[in-house]
Amino acid sequence: MPHPCLTCGACCAYFRVSFHWSEADPAVGGTVPPELTEPFGPHRVVMRGTWAEKPRCIALDAEIGVRARCAIHPIKSSVCREVPASWEFGEASEKCDKSRLAHGLPILTPADWFGDDIAA
């Protein structure tokens, strides 16, 4: 069973992704490519595209609900790492559910991770 995020991408096309500027500054160990960000206040940057009226992260390579991948997955921001898929770690994720519903996708259930036999 493939990871549900590989056929989703909804959170990357729903939320503003802002984080401390240091995560995009290689001089202090930042890993997020600075050219993919723009300033957002005095201490934060935002991933390009996520501050738009219809947010969509510049690093998202996806057809929402069909296929999805983050072009910078191994070096993505801390904010992105903090959004688990619902039931991936045994509980629902409000952010996952909210973004999936906004894109017309059903929320994930334990069956999406373990199959109907184990989830029951």
Side-chain angles (χ1 to χ4, degrees):
M1 180 174 291
H3 194 289
C5 292
L6 295 176
T7 57
C8 185
C11 62
C12 305
Y14 185 74
F15 293 107
R16 182 186 70 222
V17 180
S18 63
F19 46 93
H20 193 265
W21 61 265
S22 62
E23 290 190 56
D25 186 341
V28 294
T31 59
V32 176
E35 64 274 12
L36 300 183
T37 68
E38 57 187 318
F40 185 72
H43 302 289
R44 302 183 74 71
V45 294
V46 63
M47 289 298 291
R48 289 188 183 277
T50 66
W51 199 12
E53 185 177 326
K54 291 185 177 183
R56 185 179 176 102
C57 182
I58 191 170
L60 177 62
D61 175 14
E63 181 179 346
I64 305 300
V66 177
R67 62 165 186 81
R69 80 177 211 32
C70 173
I72 62 167
H73 187 270
I75 56 173
K76 64 186 177 184
S77 74
S78 60
V79 173
C80 297
R81 295 179 196 285
E82 294 170 0
V83 179
S86 273
W87 300 103
E88 182 175 15
F89 301 108
E91 61 187 24
S93 167
E94 181 182 347
K95 288 183 178 180
C96 174
D97 294 349
K98 187 175 183 178
S99 62
R100 287 181 64 88
L101 289 172
H103 284 278
L105 301 172
I107 60 173
L108 297 174
T109 68
D112 292 304
W113 295 96
F114 307 110
D116 291 328
D117 296 339
I118 296 174

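Computation of the quantities below employed the complete heavy-atom set of this structure, encompassing side-chain atoms and omitting hydrogens, waters and symmetry-equivalent molecules. Just so you know, residue 1 is the first one in the sequence shown, and it goes up from there.
Note: Cys11 SG to Ile64 CD1 = 8.5 Å, rounded to the nearest 0.5 Å. From Lys76, atom NZ reaches atom CZ of Phe19 across 12.5 Å, with rounding to the nearest 0.5 Å. For the atom pair SG of Cys5 and NE2 of His73, the computed distance is 8.0 Å after rounding to the nearest 0.5 Å. Residue Leu60 holds its CG atom at 9.5 Å from CZ of Arg69, rounded to the nearest 0.5 Å. One finds the OG atom of Ser22 at 10.0 Å from the CZ atom of Arg44 (value rounded to the nearest 0.5 Å). With rounding to the nearest 0.5 angstrom, the NE2 atom of His103 is 8.0 Å from the OH atom of Tyr14.
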Side chain to side chain contact (heavy atoms under 4.5 Å, CB included) for Asp61 and Arg67? Distances and angles first, verdict last.
CA-CA 8 Å; Asp61 175 14; Arg67 62 165 186 81; 3.1 Å; yes
Test Trp113 against His3 for side chain to side chain contact (heavy atoms under 4.5 Å, CB included), laying out the working first.
CA-CA 8 Å; Trp113 295 96; His3 194 289; 3.4 Å; yes
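Cluster annotation: Ile75 is connected to Val79 through the hydrophobic network of ILVMFWY side chains, with a link wherever side-chain heavy atoms come within less than 4.5 Å. Tracing side-chain contacts under 4.5 Å through hydrophobic residues (I, L, V, M, F, W, Y), one reaches Ile58 starting from Trp21; they form part of the same cluster. In the hydrophobic clustering of this structure, Leu105 does not group with Trp87; members are Ile, Leu, Val, Met, Phe, Trp, Tyr whose side-chain heavy atoms approach within less than 4.5 Å, directly or through other members. Hydrophobic cluster membership differs between Phe40 and Val28, with clusters built from Ile, Leu, Val, Met, Phe, Trp and Tyr side chains linked at under 4.5 angstrom.
Heavy-atom minimum distance, Ala59 versus Met47: CB-CE, 4.2 Å. Residues Ser99 and Phe15 approach most closely at CB-CE1, 3.8 Å, considering heavy atoms. Of all non-hydrogen atoms in Glu38 and Gly49, the two that sit nearest each other are OE2-N, 4.3 Å. Here the shortest heavy-atom pairing between Val17 and Ser77 reads CG1-OG, 3.8 Å.
No donor-acceptor distance shorter than 3.5 angstrom exists from the side chain of Ser86 to the backbone of Leu108, with no hydrogens or angles considered. A side-chain donor-acceptor contact under 3.5 Å links Arg48 to the backbone of Thr37. Looking only at distances, no side-chain donor or acceptor of Arg100 sits under 3.5 Å from a matching main-chain atom of Ala10. A donor-acceptor pair under 3.5 Å links the side-chain atoms of Asp112 to the main chain of Thr109, judged by distance alone.
Relative orientation of the His20 and His43 rings is parallel, given thresholds of 30° and 60° on the angle between their planes.
In this structure, Glu91 places its CD atom where only 12 or fewer heavy-atom neighbours from other residues, nucleotides or ligands lie under 6.0 Å away.
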